[in-house]
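Down below is the structure, laid out as structure tokens.
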Number of protein chains: 2
Amino acid sequence: MLNTHTYENPPGSNSLSAPWQIDPVAAGRQCHGRLWSTLKEVCNLLHVPSSHLCGDEELLFQNVQFKSGQRIHAIGQAFDALHLVHSGFLKTVLIDEYGGEQVLHFPMKGDLLGIDGIHARCYASEVVALSECNLIVLPFKKLISLGKDHPELEDTIYDLLSQELVRKQGMAGMLGSMGAEARVARFLLAMAGRFEGMGYSGKLFNLRMTRHEIGSYLGLTLETVSRTLSNFNEIGWISVYQRTIEIKDQTALESLRRLPSSCSRPRKVVQGSL
Amino acid sequence: MLNTHTYENPPGSNSLSAPWQIDPVAAGRQCHGRLWSTLKEVCNLLHVPSSHLCGDEELLFQNVQFKSGQRIHAIGQAFDALHLVHSGFLKTVLIDEYGGEQVLHFPMKGDLLGIDGIHARCYASEVVALSECNLIVLPFKKLISLGKDHPELEDTIYDLLSQELVRKQGMAGMLGSMGAEARVARFLLAMAGRFEGMGYSGKLFNLRMTRHEIGSYLGLTLETVSRTLSNFNEIGWISVYQRTIEIKDQTALESLRRLPSSCSRPRKVVQGSL
DNA sequence: CGTCTGCTTGATCAGGGTCAACTCAGGTGG
DNA sequence: CCACCTGAGTTGACCCTGATCAAGCAGACG
């Protein structure tokens, strides 16, 4: 488009070897910060019991920093590493033929990026930072071979893939069967749960994404999202101030979680063998 | 292992006329059907290059038969095995709190069932046979340990998980952004492609599921599905007779694949790497 | 101070959901 | 053989949710 973007940071100025690395100088010269993570740290983020890990203290994974608006990887780009979110907020989007973008997820601390690149060896979605981000680079090959030495880690990898599948499955179910209010309510509760899981308040938090992005994620327009939030605000279920959300009646929100789909379908299924 | 595998049908020789038919005798009395499959056969179904497989000729996987309407597994049921579709048609459904069922997928030959059970060790969806089915049971532990000896197999497992992820991802994208006609068109094309991939006609095929199930899968009502099909029929893009579909203008259907979402969104993204 | 982007709110409209009537095919039993 | 029933599918009429269009406001930034 016509305007000059605000981030002047020249993307092509890195001199490092691997394509996923960014210029440490551009990232803010984080040498005294955490540029490398141990396997133990990775395991903690992934919620793997790291009790048996010893002798690998020297094993390090590189960290990379991204600023808000920067793209971690694009669709079609060659895949060779996953990224584990150490801190920050992001969005993963799908770009349909000719421009329209569809938000798929809002990864945050502990989430794994790039899983969809394993198949076909190139990323199937695009990931963009919504805030300053610190990501840990996990070269896929390295991760797999590590898994062979650490069964819990290997189990966890399968777990994570399967879990992500379940999540997307639920997402598809929701998009197919729930109305706008229920979608927004679920979204708010999900966000609350994730913040709580990270140790922050699940009652009062700050959304990092625009209404437009929320709408895209939920299969709604930004206007509908805005209106629904205003609604919830008026009836006192939540309090909205810009991107700050306060959950004031969680029970009420939860009660919305199923909505205008045909309820009580007859189910006629013969129990199979075994 | 106990095996009296008579095994008169070589794996490749599907001589039956229709893809959903299996030997009725075998379905009735399992002793005379193919009760066991070799690793090679499994690899073929999964499209793994099975060139290096030798010495494992004795390794067998049990087959199980299901009749139309039977349930392969229920939500919450303990997970210990995946199922590979050898023949037949099925649906996987999500049951939301209190009965409403949401169709997630229509697995057929070569598809893997139960992936969502890896995480949490219990199935997250329910699978029901839509026709006579012949499934190969792949105990998960066994499969993983096999993967350690056969790198291509291990790669394939990761591949399949990732691929399934990409599929559900695209599904979510579609549900969030496309109109009814585009969804139905995509569905028809997808079915055509899958039939073609199995060696059957991609122009003339028979849907195994009801309008209601299609609607649930696409996030539409059965009436909308029916109307849309009638529409396509009237304008000559397809021909519909009950569940038999003939694709008469594939190009036209493909041209529908993006629909009333906001087109041409401005994209302001700073390239992070490269 | 002007512009731009994000957000809110209102007015209008249409895609598709809902309800209902009817047809058709298959199955069952007298 | 036919009467009857059931479930799938089609089609029409109506209406509601949420998309679209449009105007106005607030905060960020040059």
Side-chain angles (χ1 to χ4, degrees), chain A residues 1-8 68-69 91 100 103 130 174-185 206-216 218-234 238-245 256 259-269, chain B residues 68-69 91 100 103 130 175-185 206-216 218-234 238-245 256 259-270:
Chain A
M1 285 294 159
L2 43 112
N3 60 329
T4 60
H5 53 65
T6 51
Y7 311 103
E8 72 289 352
S68 178
K91 63 172 177 179
V103 175
L130 295 180
M174 184 181 84
L175 290 177
S177 68
M178 304 201 319
E181 294 197 328
R183 294 187 203 190
V184 175
N206 207 291
L207 300 174
R208 302 310 226 273
M209 64 294 286
T210 68
R211 302 287 194 262
H212 178 243
E213 285 159 342
I214 297 173
S216 173
L218 296 175
L220 302 170
T221 58
L222 71 161
E223 293 97 328
T224 301
V225 173
S226 177
R227 265 187 263 269
T228 307
L229 289 177
S230 299
N231 252 356
F232 288 167
N233 183 58
E234 270 177 34
I238 65 173
S239 182
V240 187
Y241 173 67
Q242 294 179 14
R243 294 189 184 173
T244 300
I245 301 284
L256 260 198
L259 207 112
S261 72
S262 329
C263 318
S264 72
R265 265 185 240 287
R267 286 180 52 206
K268 167 215 58 174
V269 166
Chain B
S68 179
K91 63 172 176 179
V103 175
L130 294 180
L175 291 176
S177 69
M178 304 200 320
E181 294 196 329
R183 296 189 201 189
V184 175
N206 206 292
L207 300 175
R208 306 298 302 169
M209 66 293 287
T210 67
R211 303 286 193 263
H212 178 242
E213 285 160 342
I214 297 173
S216 173
L218 296 175
L220 301 170
T221 58
L222 71 160
E223 291 97 329
T224 301
V225 173
S226 177
R227 266 186 263 268
T228 308
L229 289 176
S230 298
N231 252 357
F232 288 166
N233 183 58
E234 269 177 35
I238 65 173
S239 183
V240 187
Y241 173 66
Q242 298 182 153
R243 294 189 184 172
T244 301
I245 302 284
L256 261 198
L259 208 109
S261 70
S262 328
C263 319
S264 71
R265 266 185 239 287
R267 287 180 51 207
K268 167 216 60 174
V269 166
V270 183

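By convention in this document, chain letters (A, B, ...) are assigned in the order of the sequence lines, proteins followed by strands, and residues within each chain are numbered from 1. Keep in mind that this is a model prediction, so the values were computed, not measured. FYI, side chains are in, hydrogens and waters are out, and symmetry mates aren't considered; it's all heavy atoms of this structure.
Listed here is the closest heavy atom pair of B/Gly219 and B/Leu175: N-CD2, 4.1 Å.
Contact of the A/Asn233 side chain with the A/Leu229 side chain is not registered, since no non-hydrogen atoms from C-beta on lie closer than 4.5 Å. The side-chain heavy atoms of B/Leu220 and B/Val184, taken from C-beta on, include a pair separated by under 4.5 Å. Side-chain atoms of B/Ser239 and B/Ile245, non-hydrogen and from C-beta on, never get closer than 4.5 Å to each other.
When distances are taken from the side chain of B/Thr210 to each of D/dT10, D/dG18, D/dA8, the shortest belongs to D/dA8.
Contact annotation: A/Arg227 side-chain N/O to D/dG18 OP1/OP2 distance is not under 4.0 Å. At the phosphate of C/dG17, OP1 or OP2 sits under 4.0 Å from a side-chain N or O atom of B/Thr224. Between B/Ser230 and the phosphate of D/dT11, there is a side-chain N or O to OP1/OP2 separation shorter than 4.0 Å. For D/dT10, one of the phosphate oxygens OP1 or OP2 lies less than 4.0 angstrom from a side-chain nitrogen or oxygen of B/Ser226. Considering only side-chain N and O atoms, B/Thr221 lies nowhere under 4.0 angstrom from the phosphate OP1 or OP2 of C/dG16.
To the nearest 0.5 angstrom, A/Thr210 atom OG1 is 6.5 Å from A/Lys91 atom NZ.
For the pair A/Leu256 CG and D/dT17 P, the computed distance is 13 Å after rounding to whole Å. Distance B/Phe232 CZ to D/dT11 C1': 17 Å, rounded to the nearest Å. Rounding to whole angstrom units, CE of residue B/Met178 and P of D/dA19 are separated by 16 Å. Spacing between atom CG of A/Leu218 and atom C1' of D/dA19 amounts to 15 Å, rounded to whole angstrom units. Rounded to a whole Å, the CG atom of B/Leu175 is 15 Å from the C1' atom of C/dG16. When the C1' atom of D/dG9 is taken as reference, atom CG of B/Asn233 falls 13 Å away, rounded to whole Å. One interatomic measurement links the two molecules: CZ of A/Arg183 to P of D/dA19, which rounds to 8 Å at whole-angstrom precision. With rounding to whole Å, B/Arg211 atom CZ is found 16 Å from C/dG17 atom P.
The main-chain N or O of A/Leu130 is never found under 3.5 Å from a side-chain atom of A/Arg208 such that the two would form a donor-acceptor pair.
Scanning for side-chain contact (heavy atoms from CB on, under 4.5 Å) contacts around B/Leu222 gives B/Arg211, B/His212, with sequence neighbours left out.
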**OP:** Mark up nucleotides 20-27 of chain C, 5' to 3', with B wherever a protein heavy atom is under 4.0 angstrom from a base atom, S wherever such an atom reaches only the sugar-phosphate, and - elsewhere.
**Re:** -----S--

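Using a 4.0 Å heavy-atom criterion, one finds that A/Gly215 contacts no nucleic acid atom at all. Across all strands shown, A/Leu220 has heavy atoms under 4.0 Å from sugar-phosphate atoms exclusively, and none from any base.
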